[in-house]
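Contents: one structure, followed by commentary.
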Amino acid sequence: MPRIAYVNGQYVAHTDAMVHIEDRGYQFADGVYEVCEVRHGLIVDLTRHLDRLNRSLGELRIAWPMSRAALTQVIRQTLRRNHVRNGLFYLQVTRGVARRDHVFPKEGTPSSIVVTAKSTDPTIVAKKNASGIKAITVRDNRWDRVDIKTVGLLPNALARQQAKEAGAQEAIYIDHNGMVKEGAATNVWIVDADGILVTRPAEHGILRGITRTTLIDVAGKLDLPVAERYFSVEEMMSAREVFITAATSICFPVVSIDGQTIANGHPGSVSQKIREAFFDVAEKTVI
Ligand code: PDD
C-alpha cells in the first residue's frame, strides 16, 4: 500500500513528497515537530501534543500553519489514508520558504507544514519491554533551549549513533554537575532506594515529554509516589529501576548503562505496572 503524506495543503504520494530547497527548516533547522502515538486506532494524548506544539511555535514566533481544528482534521485524514491502527504520526512546522537570510522572512511568509504517518509493529516494542534496553551516558552538548521541540536534532542524532556503535539503544545526557538530564529522544526515570519514581524537573534543561506528564497522572492513579528532583549518575547506577519514556515507546526498562548492570539486570515491576495502566489513563481520540 503506498504511503501518503500531507505537504503544504496537499495529500501526495510519500515518494513524491517534497519541500522547497530554501525551506528554513532545511537551511536553519528553523522549525518544530511533534511525534504522537496511535494505538488500536486511537490517537494518544493529542491535546497535550498540540498544546506543546502551540508552546514551541510561540517560543520561536512561528505562525500556526492553519487553525488547530483544521490541523486535527489533517492529522486524522493522514492517519486514515495510511490505514494506521498502531503506529505514529509525525508533524513538522517550519518558518516557511524564503531567500537564505538569517533574519526572519518578511511578515506574512506562510509556515510550511508536513504530516506523515506510519504503522509500527507492536511485537517489536513488546520484545524490548521483555528484555530491557542498554544505554550509555554522554555529556550534554546541546543548546540551552531543549525545552522547545525543534527539528535541530544533530547532537541527538550523533548521541544515538554513538549509543548504537557501543551496542546500546539510547544515550543519556549528563549535565556539568554530573546530574542526569534526559535521553537523546526520551525522558529518564529511576525508582530510587525509597521506591519513589524520580525524574528531573522539566525546566529548560530537558524537554517536557508528554509521556512524562501522563506518566505522572498514571503514578497518581496507582498510588505510586513521584518526585521531580535532580539525581546523579551514581544514584541512577544504583537505582532499583531505570526506565525511559517517549511517545514512540511509552516506557522502556533500562537494564545496563555504560556496560554496568542496573539492579538485577532484568526489567523492573514498577515500569511494567505503569506501562500496563498507561493507555487507560491517557487521553484517546478516535481517528
Ligand atoms: N522524542 N526528550 C527528547 C529529547 C525527545 O526527543 C523526546 C521525544 C522526549 C519524550 O517526549 P514525548 O514523551 O513527548 O515523546 C524527551 C520523539 C519521540 C522523537 O524525536 O522521535
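Positions are given from 1 along the sequence. In listed order, ligands and their atoms are each counted from 1.
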Audit row: Arg200, Glu228, salt bridge (Lys or Arg N to Asp or Glu O under 4.0 Å) steps and yes/no:
CA-CA 5 Å; Arg200 187 182 171 105; Glu228 292 180 77; over 6 Å; no
Give every pair formed by an N or O atom of ligand 1 and a protein N or O atom closer than 3.5 Å, one pair per line with both atom names and the distance to 0.1 Å, or write none.
residue  : atom   : partner : partner atom : Å
ligand 1 : 1 (N)  : Lys149  : NZ           : 3.4
ligand 1 : 1 (N)  : Ala185  : O            : 3.3
ligand 1 : 2 (N)  : Glu182  : OE1          : 2.7
ligand 1 : 13 (O) : Ile210  : N            : 3.3
ligand 1 : 13 (O) : Thr211  : N            : 2.9
ligand 1 : 13 (O) : Thr211  : OG1          : 2.6
ligand 1 : 14 (O) : Arg52   : NH1          : 2.9
ligand 1 : 14 (O) : Arg52   : NH2          : 2.9
ligand 1 : 14 (O) : Ile210  : N            : 2.8
ligand 1 : 15 (O) : Ala247  : N            : 2.8
ligand 1 : 20 (O) : Tyr33   : OH           : 2.6

Nearest 0.5 Å, please: how far is CE in Met236 from OG in Ser232?
8.5 Å
Under the 6.0 Å and 45° cation-pi test, does Arg81 pair with Tyr11?
yes
With the threshold set at 4.0 Å, does a side-chain nitrogen-carboxylate oxygen contact exist between Arg48 and Asp217?
yes
If two hydrophobic side chains count as joined below 4.5 Å and joins carry through other members, does Leu79 share a cluster with Ile113?
yes
Let's go through Phe243 and Phe252 carefully: what are the C-alpha distance in whole Å and the side-chain angles of both, what is the deciding distance for ring pair (Phe, Tyr, Trp, His ring centres under 6.0 Å) to 0.1 Å, and is it a yes or a no?
CA-CA 5 Å; Phe243 60 91; Phe252 279 152; over 10 Å; no
